[in-house]
Amino acid sequence: QVQLVESGGGSVQAGGSLRLSCAASGIPLSSYFMGWFRQAPGKEREGVAAMYIGGSTRYADSVKGRFTISKDSAKNTLYLQINSLKPEDTAMYYCAARAPKEYYSDIMLPFDYDYWGQGTQVTVSS
């Protein structure tokens, strides 16, 4: 049984930092594309950071320079370091894992991800 369990969310003031964690079981993160997504009330789920199997990363323009995705293969855990938080970063944050596909699919989009965590809430006050 595959499980992705996020933690580390919370309520912080603008300018603060958080480190989100995503502990995986049932799959080796080293063999999957990994992504962090967020969804604010009334908005679509959007990709904020993603990591290819080889370790290359991608970020949404809105978070470049502030968010850093990383993983610890020994702990089978994915991280998202979030710095310089802004009120517009307020959302539920989800991690997701995607097996390699035989067709092209943008890993920054939520489609084609095979497994999702339950989410962790990040709330930023001004």
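From a predicted model like this one, the values you see are computed outputs, not experimental measurements.
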For [X] versus [Y], what's the shortest heavy-atom pair and its separation?
X: Leu4; Y: Ala24; result: CD2-CB, 3.5 Å
X: Tyr59; Y: Ile69; result: OH-N, 2.9 Å
X: Ser126; Y: Ala14; result: CA-CB, 4.3 Å
X: Ala60; Y: Gly47; result: CB-O, 3.5 Å
X: Ser17; Y: Ser84; result: OG-N, 4.3 Å
X: Ala50; Y: Met108; result: CB-SD, 3.7 Å

To the nearest 0.5 Å, what is the distance between [atom1] on [X] and [atom2] on [Y]?
X: Gln118; Y: Met92; atom1: CD; atom2: CE; answer: 8.5 Å
X: Asn76; Y: Lys71; atom1: CG; atom2: NZ; answer: 9.0 Å
X: Thr123; Y: Gln13; atom1: OG1; atom2: CD; answer: 13.0 Å
X: Gln1; Y: Tyr115; atom1: CD; atom2: OH; answer: 10.5 Å
X: Ser105; Y: Arg98; atom1: OG; atom2: CZ; answer: 4.0 Å
X: Leu78; Y: Met34; atom1: CG; atom2: CE; answer: 4.5 Å

Donor-acceptor pair, distance only, cut-off 3.5 Å: does the side chain of [X] make one with the backbone of [Y]?
X: Tyr113; Y: Ile107; result: yes
X: Glu6; Y: Leu20; result: no
X: Tyr79; Y: Thr68; result: no

Partners meeting salt bridge (Lys or Arg N to Asp or Glu O under 4.0 Å) with Arg66 (sequence neighbours left out):
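Arg66 satisfies salt bridge (Lys or Arg N to Asp or Glu O under 4.0 Å) with Asp89 only.
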Ring-plane angle category for Trp116 and Phe37, please: parallel below 30°, perpendicular beyond 60°, tilted otherwise.
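Answer is tilted, since the angle falls between 30° and 60°.
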Test side chain to side chain contact (heavy atoms under 4.5 Å, CB included) applied to Val124 and Ile82, Leu85, Leu18, the passing residue:
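Testing Val124 for a side chain to side chain contact (heavy atoms under 4.5 Å, CB included) against Ile82, Leu85, Leu18 leaves exactly one candidate, Leu85.
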Could you check if a side-chain atom of [X] sits within less than 4.5 angstrom of a side-chain atom of [Y], using non-hydrogen atoms only?
X: Val2; Y: Asp114; answer: no
X: Gln39; Y: Pro110; answer: no
X: Trp36; Y: Tyr94; answer: no
X: Thr120; Y: Ser7; answer: no

Under a plain distance cut-off of 3.5 Å, with no hydrogens placed, do Tyr93 and Arg38 share a side-chain donor-acceptor pair?
yes
We want to know whether Asp112 and Tyr103 form a side-chain donor-acceptor pair, criterion being a heavy-atom distance below 3.5 angstrom.
yes
Heavy-atom count around Lys75 NZ within 6.0 Å, excluding the residue itself: above 12?
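Open: at most 12 neighbouring heavy atoms sit under 6.0 Å from NZ of Lys75.
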